[in-house]
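Take a look at the structure set out below.
Keep in mind that what you see is a predicted model, and the values were worked out from it rather than measured.
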Amino acid sequence: SPTCSGKKTENSSDPSGLHGRIMERLDLSRQMSEEEIKEMIDVEILRDEKARYLDLETKTALRREIFYAIRRLGILQDLINDPGITEIMVNGTDPVFVEREGRLIQLSVCFETREKLNHVIQQIAADCNRVINEASPIVDARLKDGSRVNAVLYPVALNGPILTIRRFPEEAVTMEKLLALGSVNEAAAGFLKKLVRAGCNILISGGTGCGKTTFLNALSGLIPREQRVITIEDSAELQLQDLPNLVRMETRNANVEGCREITIRDLIRTSLRMRPDRLIVGEVRGKEAVDMLQSINVGHSAMTTVHANSVRDVASRLETMVLMGMELPVSAVRKQIVSGFDLMIHLGRLRDGSRHVLEIAEPVSGQDGTVELHTLFRFEERGETREGKVIGELLRTGELKNNEKLKMAGITE
């Protein structure tokens with residue numbers, strides 16, 4: 001396999017092939033401890049004619065590099081440990097790309113061979129009890145720190161194994177942190193806090209990487225502690241804090257051992273028998289929209305996210321997904337959207353890479369039976385600084401029309 005010419009590759013500081021010799025000596029019949037592996041690496045470094053005369057700094061770097069290749073994620077481990085990196089993109093043996101502060105950066109590191117990258121992918125999948133191979137070349141998984149992983153193998157990925165890792169902050173992002181970042185302002189945050197406390201059904205929309213999961217996490221932090229909360233996700237990402245009565249569920253793929261697939265639809269249905277006060281679905285992207293819509297129209301309180309280009313595209317997206325799962329008149333679907341969801345929040349990334357709440361709207365019925373959006377807050381752009389940072393403000397543009405849930409909760413808007 002080709003390598004990125006002139007770039008730093010995995011084991012580039014291992015000219016003597018220590019990594020290969022250590023791999024041959026590993027006792028695969030048992031789970032070796034990290035201390036045993038590090039001791040084995042130290043012994044091989046001392047035995048090696050070239051490595052023994054390296055300076056201490058180079059030896060330490062070589063030791064770390066080999067250990068990461070054996071037990072961790074190889075050249076990606078240092079990137080995983082960097083809190084400033086939010087996304088890691090590996091395109092076969094080409095140089096690795098990362099996202100830092102909302103901008104894509106090409107690094108001078110890459111995997112030496114497709115086999116070594118494939119080894120990392122297999123290790124990640126095995127840790128999550130997932131399977132990826134030529135027969136099933138796509139997998140969604142997560143790292144131990146909660147980072148979301150997507151991997152695609154050949155022959156689907158023509159230029160070699162593709163690995164994408166979405167990293168999340170080690171500490172859960174709260175509404176206070178979003179306020180400090182300028183993603184939302186005090187007026188909107190106070191308004192949302194009241195609606196969450198009142199048990200309103202909230203849908204968060206936006207494009208890829210705009211912060212939907214992060215915002216859902218922040219809203220979840222406003223849920224009263226005494227409530228029973230159930231989360232349902234394809235791959236567990238939410239970091240709900242300070243909720244003692246919390247149930248977390250994750251989907252499961254079918255496997256060769258005969259275990260059947262457990263879908264979001266299955267989990268939504270079973271969660272309704274678990275006495276939830278609040279149901280949180282990580283993302284609705286298909287037929288499960290039917291079950292989501294039915295649950296919030298029979299009295300359950302829920303929050304979820306959906307991909308959409310604007311808040312006005314959300315209704316048509318939901319309609320399409322519902323019709324994928326059940327044949328219903330479009331007019332009935334629209335009525336359920338209006339009666340089910342109390343609020344829709346649209347997020348976006350501006351051209352400077354910053355993430356903001358762009359619009360908060362209330363779905364209402366139009367005269368012709370369509371779903372119309374009554375805007376309550378809208379982001380107004382006012383220009384940009386010399387450094388290219390966008391200047392703008394989230395302004396209040398309307399009052400909530402349906403405030404029955406606030407009244408029932410004893411909350412005044």
Practice task
Return yes if some donor-acceptor pair links the side-chain N/O of T251 with the main-chain N/O of D234 below 3.5 Å, else return no.
Solution key: yes
Problem - Any Y154 side-chain heavy atom under 4.5 Å of N118 side chain - result: no
Handout entry: R130 vs D140, salt bridge (charged side-chain N to carboxylate O under 4.0 Å, His left out): CA-CA, chis, key distance, verdict
Key = CA-CA 8 Å; R130 301 288 174 100; D140 289 306; over 6 Å; no
Practice task
Evaluate side-chain contact (heavy atoms from CB on, under 4.5 Å) for N245 paired with Q227, printing each intermediate quantity in order.
Solution key: CA-CA 7 Å; N245 198 350; Q227 291 192 358; over 6 Å; no
Practice task
Look only at the side chain of K287 and the backbone of R265, and say whether a donor-acceptor pair between them is shorter than 3.5 Å.
Solution key: no
Exercise for the section: State which residues pass side chain to side chain contact (heavy atoms under 4.5 Å, CB included) with S220; sequence neighbours excluded, sorted by chain then number. Expected result: L216, I223, L240, I280, M303
Exercise for the section: Report, as yes or no, whether the 6.0 Å neighbourhood of atom CG on N159 holds more than 12 heavy atoms from other residues, nucleotides or ligands. Expected result: yes
Exercise for the section: For the pair D277 (side chain) and V229 (backbone), establish whether a donor and an acceptor sit closer than 3.5 Å, ignoring hydrogens and angles. Expected result: no
Exercise for the section: May I ask you to test the L178-V173 pair for a side-chain heavy-atom distance under 4.5 Å? Expected result: yes
Handout entry: Validation row: L267, I262 side chains within 4.5 angstrom (heavy atoms)
Key = yes
Practice task
Apply the side-chain contact (heavy atoms from CB on, under 4.5 Å) test between V306 and each candidate in R285, E283, R317; give the one that qualifies.
Solution key: R317
Exercise for the section: Decide yes or no on side-chain hydrogen bond (donor to acceptor under 3.5 Å, both in side chains) for E359 and T375, but give the supporting numbers first. Expected result: CA-CA 7 Å; E359 188 171 357; T375 302; 2.6 Å; yes
Exercise for the section: Would you indicate whether the side-chain heavy atoms of E233 and M249 approach each other to under 4.5 Å? Expected result: no
Exercise for the section: Working to the nearest 0.5 Å, report the span between CG of L143 and CZ of R167. Expected result: 9.0 Å
Problem - Trace of the side-chain contact (heavy atoms from CB on, under 4.5 Å) decision for H300 with L272 - result: CA-CA 8 Å; H300 292 285; L272 302 183; 3.7 Å; yes
Problem - Short side-chain to backbone donor-acceptor contact, S301 and R278, under 3.5 Å - result: no
Problem - Spacing of L246 atom CG and R225 atom CZ [to the nearest 0.5 Å] - result: 11.5 Å
Practice task
Evaluate the side-chain proximity of F341 to I202: yes if any heavy-atom separation is below 4.5 Å, no if none is.
Solution key: no
Handout entry: N/O donor-acceptor pair under 3.5 Å between R114 side chain and K116 backbone
Key = no
Exercise for the section: Sequence neighbours left out, what pairs pass side-chain hydrogen bond (donor to acceptor under 3.5 Å, both in side chains) with at least one residue falling in residues 336-350? Expected result: E99-R349, S205-H346, N297-S339, D342-K405
Problem - Set of residues satisfying side chain to side chain contact (heavy atoms under 4.5 Å, CB included) with respect to E362, sequence neighbours excluded - result: V364, H374, L376, L400, K401, N402
Name every donor-acceptor pair, under 3.5 Å, that has one atom in a side chain of residues 319-331 and the other anywhere in the protein, sequence neighbours excluded.
| residue | atom | partner | partner atom | Å |
| --- | --- | --- | --- | --- |
| E319 | OE2 | R334 | NE | 2.9 |
| T320 | OG1 | S316 | O | 2.9 |

Handout entry: S295 side chain to M292 backbone, donor-acceptor under 3.5 Å
Key = yes
Practice task
Evaluate whether atom CZ of R197 has more than 12 neighbouring non-hydrogen atoms of other residues, nucleotides or ligands under 6.0 angstrom away.
Solution key: no
Handout entry: Side-chain heavy atoms of L395 within contact of R378, under 4.5 Å
Key = no
Practice task
Using the side-chain contact (heavy atoms from CB on, under 4.5 Å) rule, take T164 and V149 through it: C-alpha gap first, then chi angles, then the decisive distance, then the call.
Solution key: CA-CA 6 Å; T164 309; V149 177; over 6 Å; no
Problem - Whether over 12 other heavy atoms sit under 6.0 Å from K177 NZ - result: yes
Handout entry: Main-chain N/O of K389 paired to T385 side chain as donor or acceptor, under 3.5 Å
Key = yes
Exercise for the section: Ignoring hydrogens and angles, tell me if any N or O in the side chain of N217 forms a donor-acceptor pair with the backbone of Q239 under 3.5 Å. Expected result: yes
Exercise for the section: Compare all side-chain heavy atoms of V284 with those of T305 and state whether any distance is below 4.5 angstrom. Expected result: no
Practice task
Determine yes or no for a side-chain-to-main-chain donor-acceptor pair under 3.5 angstrom, with R166 supplying the side chain and T86 the backbone.
Solution key: no
Handout entry: Nearest non-hydrogen partners of V371 and P363, listed with the distance
Key = CG1-CB, 4.1 Å
Practice task
In plain terms, say whether R100 and D82 are close enough for a salt bridge, that is, a side-chain N and a carboxylate O under 4.0 Å apart.
Solution key: yes
Practice task
Determine, stepwise, if the pair R351 / E384 fulfils salt bridge (charged side-chain N to carboxylate O under 4.0 Å, His left out).
Solution key: CA-CA 10 Å; R351 57 185 176 277; E384 59 181 58; 3.0 Å; yes
Fill in the blank from the handout: Output for pair (H356 NE2, L347 CG), nearest 0.5 Å, gives 11.0 Å
Handout entry: Validation row: L153, P161 side chains within 4.5 angstrom (heavy atoms)
Key = yes
Practice task
Using salt bridge (Lys or Arg N to Asp or Glu O under 4.0 Å) as the criterion, list what pairs up with E393, not counting sequence neighbours.
Solution key: R382
Fill in the blank from the handout: dist I124:CD1 -> L76:CG (nearest 0.5 Å) comes out at 7.0 Å
Exercise for the section: Dump the intermediate steps for side-chain contact (heavy atoms from CB on, under 4.5 Å) on C210 and K212, then the final yes or no. Expected result: CA-CA 6 Å; C210 68; K212 296 186 298 296; 3.5 Å; yes
Only distances under 3.5 Å count here; give the side-chain donor-acceptor pairs of residues 181-192 to other protein atoms, sequence neighbours excluded, each with its distance to 0.1 Å.
| residue | atom | partner | partner atom | Å |
| --- | --- | --- | --- | --- |
| S183 | OG | R355 | O | 3.0 |
| N185 | OD1 | A188 | N | 2.9 |
| N185 | ND2 | L394 | O | 2.6 |

Exercise for the section: Could you tell me the separation between the CD1 atom of I105 and the CD1 atom of I85, rounded to the nearest 0.5 Å? Expected result: 8.0 Å
